[in-house]
Structures are given as C-alpha cells and as structure tokens.
Protein chains: 2
Amino acid sequence: MDEKDVRLREAAEKLALTLAQGGMQKTTARVMTALLFSQDDTMTASDLCEVLQISSGAVSGAVKQLIPTGIIERAPAPGSRRDHYRFREHAWATLMGSQNVLLATMGDAAAEGIKAAGRESTAGRRLDEMEDFYAFMQREMAALIDTWQERYDARHPSA
Amino acid sequence: MDEKDVRLREAAEKLALTLAQGGMQKTTARVMTALLFSQDDTMTASDLCEVLQISSGAVSGAVKQLIPTGIIERAPAPGSRRDHYRFREHAWATLMGSQNVLLATMGDAAAEGIKAAGRESTAGRRLDEMEDFYAFMQREMAALIDTWQERYDARHPSA
DNA sequence: CAGACTGTTTACAGATCTCTGAACACTCGA
DNA sequence: TCGAGTGTTCAGAGATCTGTAAACAGTCTG
C-alpha cells in the first residue's frame, strides 16, 4: 500500500516538473499534481505543506492561482476549521476551455494588424491567415469539448 | 504610410507582451511578433536589433528558440551574406499541432498514475477521466488542424 | 470575550533567468 | 591567405521571480 503511494508521488512530481518547464509556476504545478494524484478526496493546506515540504505561504499563493482557473476548489468540510481543497470534477475540460480566451486574443491581435495594414499587403496576408485560423479554432475547440463532455456523461451515468 | 507602420509596431508589441505574460520568453515573443507584423517579407538579424533595440546576442538566442518550433525559418537570400528570417507559411497550424506532444504527455502521466493506483481508487477515478479526455483531445485536435488546412487550401488556390 | 487555530499578506533573501558586450568562429571575396 | 562582415557563444551584471518567516487578520470555541 505504501509502495503504491510512493509511485503516485513520483508520478505527480514528474508531471509537475514537465508543467513547470512549460511555463507554469513550479509550486503551483506541484500543488496541482499533489491533489491530482492524491488517494484522498481532499487535502488541507497543512497536508500540502507536509507532503511538498513548503511553507504555508507558498501553499496559499499556489491555491490563489489555481482556484480562479477552475482546476481546484475549496471543498465544504463540515466540522473542520481547515480549508479542504480538491481537484475539480471535469477540471480538464474547464482548463482546455479557458484556452479560448487565448485563441480570441490571437484573433484580435490579427484583426488589429489588418485594420492598420489592410489585407492587401505583406503583413496583411500573413495576418489574414492567422485571423482565419484562430477564428476556426475558437469555434471548433468549444464544440470539441462539448462533444467530449456529452460522451463522457453518457458513459458514466452519474445518477 | 509611416503612420501605418507605427500602428503595426504597437500591435506587435502588445501581442508580444501578452504572450510573455503567458509564459513565453519576452525577447522571443518580441522577435516573433516583429516578423509577424512586418511589412517586409523577411528581416535580417540587424533589422531586428534596430527595430527592437536589443543586442545581436539576444536576437541569436530568440531565433534559436523560434526555429525548432517551426514558427520562423531562415529564408534563402541569394547575394546577401546576412541571414534572412521570415515567418513560416502555416506556422499557426504547425504551432497548434505541436501541442499534441503536451497532450500526449498529460495522457501518459495519467496512465502512469493508473498503473500505480489502479482504476478503482480515488486517484484512479480522477486519472481515468484525465486519460480519457487527453486521448480524445489528441485524436480530435489533429483532425481539426487537418480540416482547417484543407479548407484553407481550397479557398486559396496556390497554383 | 479571550484564546487558540488557520489562512493571508509582506519584507527580505536566495535563486533563477536574461540581456549585454566582448571574444570567438565561420564564410566569402580579393 | 588575409581581412571584412556576420553569426554564435559566454561570463558577468542586472532584473525578476519565488519561497520563507513572521506579522497580521479572521473565526470559532469555551
């Protein structure tokens, strides 16, 4: 039983490292993967301090970043005075969905450039393709996530 | 004519700033958007130095990061001893496609965890959803990019 | 209301990153 | 083969980021 936990922790740290490489804050990533790979349904701040060997301030900061993104949430814990955090149901879909604002930003930037240069110029042609691509992606990505959600719900009847 | 260029440069810097916020290297982002919003087809390293007010070393570093991702490329420039850089055709599709390795990494991490914990546990159930999601996304995303490429080519006959 | 228990904020220290400037390497033409 | 013109690398300075420890604030219990 303990053996399994060690392997889970290793997998968690490994993923955290990868995500950190990709621009995510290191501690934020570690907190996220700790909750993701935890065998407990929820963890308290002090649990996270202990497992990750970091201060409470660091946990507070990481949580503050993670909650607005919809990856984790505070879980109601009647009878306990400590905050309990848990990985959110369908967090991945939420996370991927939030990419849409980035896609929109890219599209807007392209539009801005086109407004300045027109479509019939060197920059204009480049930006035209860019605008088209991101508009398409924004539309289709949202649809894709919905599709997955539906299929998943159909396969896993929650009622 | 000069007025337009100023607005283009502003748009470029604005997007670079946004991308930098999102984890991208600041200088790398600036080089990328400079090429993207440029009215010239290609730019030399010294062009980039001048426009962005950075050293040649910084340009070299940024280019070194940008080329492997497929966003920019060295352009053949007969008769010139300087390297000419240009934004790649269909760079966006390439860039989005490279997200697939990230999606695969996420799927692998989930599988790793499942191997350690089994599917019938608290962590196992979370990881099962994660694995399913990323497998789905990896598959469909690739298809999506192909679809766009086909449609775009159909609309813009290159021959 | 006092006191214990948590979570949050903040100044500071340590680490990390990134750019610059200069040395170095390479290529081409005379 | 030399020299000019470019690109690349690297040590070091400067800036940025991040975690800690401690002070602070809020909340529940007795």
Side-chain angles (χ1 to χ4, degrees), chain A residues 12-13 15-35 38 40 42-69 71-87, chain B residues 12-13 15-35 38 40 42-69 71-87:
Chain A
E13 288 297 325
L15 179 58
L17 206 66
T18 304
L19 293 174
Q21 230 101 39
M24 193 172 187
Q25 207 110 347
K26 197 172 95 186
T27 304
T28 306
R30 294 185 71 213
V31 167
M32 173 183 142
T33 59
L35 286 162
S38 168
D40 300 317
T42 69
M43 292 178 79
T44 67
S46 52
D47 289 340
L48 289 165
C49 288
E50 191 177 355
V51 172
L52 302 177
Q53 298 283 21
I54 56 178
S55 73
S56 65
V59 171
S60 180
V63 159
K64 198 174 173 180
Q65 276 194 296
L66 251 14
I67 288 184
T69 66
I71 299 178
I72 71 170
E73 63 187 351
R74 287 203 169 76
S80 171
R81 289 176 59 179
R82 301 182 182 185
D83 280 358
H84 288 244
Y85 300 105
R86 95 151 74 95
F87 213 84
Chain B
E13 288 297 326
L15 179 58
L17 206 66
T18 304
L19 293 174
Q21 230 100 38
M24 194 172 187
Q25 208 112 341
K26 197 171 96 187
T27 303
T28 305
R30 293 184 72 213
V31 168
M32 172 183 142
T33 59
L35 286 163
S38 167
D40 299 317
T42 69
M43 291 178 80
T44 67
S46 53
D47 288 341
L48 289 165
C49 286
E50 192 178 354
V51 171
L52 302 176
Q53 297 282 19
I54 57 180
S55 73
S56 65
V59 171
S60 180
V63 160
K64 198 175 174 180
Q65 275 195 296
L66 251 14
I67 287 183
T69 67
I71 298 178
I72 71 172
E73 64 187 351
R74 286 202 170 76
S80 171
R81 287 177 60 177
R82 301 184 182 182
D83 280 0
H84 287 244
Y85 301 105
R86 94 151 76 94
F87 212 84

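Just so we're on the same page: letters track the sequence lines, and every chain starts at 1. These numbers come from the heavy atoms of this one structure, side chains and all, not from hydrogens, waters or symmetry mates.
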K.L.:
Just the rounded figure in Å: distance from P of D:dT8 to CD1 of B:I54.
P.N.:
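Taking CD1 of B:I54 and P of D:dT8, I get 13 Å after rounding.
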K.L.:
So if I define the base as every atom that isn't primed, P, OP1 or OP2, how would nucleotides 22-30 of chain D read as a B/S/- string at a heavy-atom cutoff under 4.0 Å?
P.N.:
-----BB--
K.L.:
Once you apply a heavy-atom cut-off of 4.0 Å, does A:R74 come out as touching a base, just sugar-phosphate, or nothing?
P.N.:
sugar-phosphate
K.L.:
Can you tell me the distance, in whole Å, between the CG atom of A:L52 and the C1' atom of D:dT18?
P.N.:
15 Å
K.L.:
Quick one: B:L48 CG to C:dT20 P, roughly how many Å, whole number?
P.N.:
13 Å
K.L.:
I'd like to check the side chain to side chain contact (heavy atoms under 4.5 Å, CB included) partners of A:T18; sequence neighbours left out, ordered by chain and number.
P.N.:
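Result, side chain to side chain contact (heavy atoms under 4.5 Å, CB included) vs A:T18: B:T105.
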K.L.:
Heavy atoms under 4.0 Å, any strand shown: does B:K64 hit a base, just sugar-phosphate, or nothing?
P.N.:
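B:K64: backbone/sugar contact only, no base atoms under 4.0 Å.
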K.L.:
Under the side chain to side chain contact (heavy atoms under 4.5 Å, CB included) rule, collect the residues that match up with B:T69, sequence neighbours excluded.
P.N.:
B:I71
K.L.:
Who are the salt bridge (charged side-chain N to carboxylate O under 4.0 Å, His left out) partners of A:E13, not counting sequence neighbours?
P.N.:
A:R9, A:R30
K.L.:
How is A:A45 classified with respect to the nucleic acid when contacts are heavy atoms under 4.0 Å: base, sugar-phosphate, or nothing?
P.N.:
sugar-phosphate
K.L.:
Identify, with sequence neighbours excluded, every residue that meets side chain to side chain contact (heavy atoms under 4.5 Å, CB included) alongside A:S60.
P.N.:
none
K.L.:
For A:I67, check side chain to side chain contact (heavy atoms under 4.5 Å, CB included) against everything at least two apart and list the hits.
P.N.:
A:V63, A:I72, A:R74, A:Y85
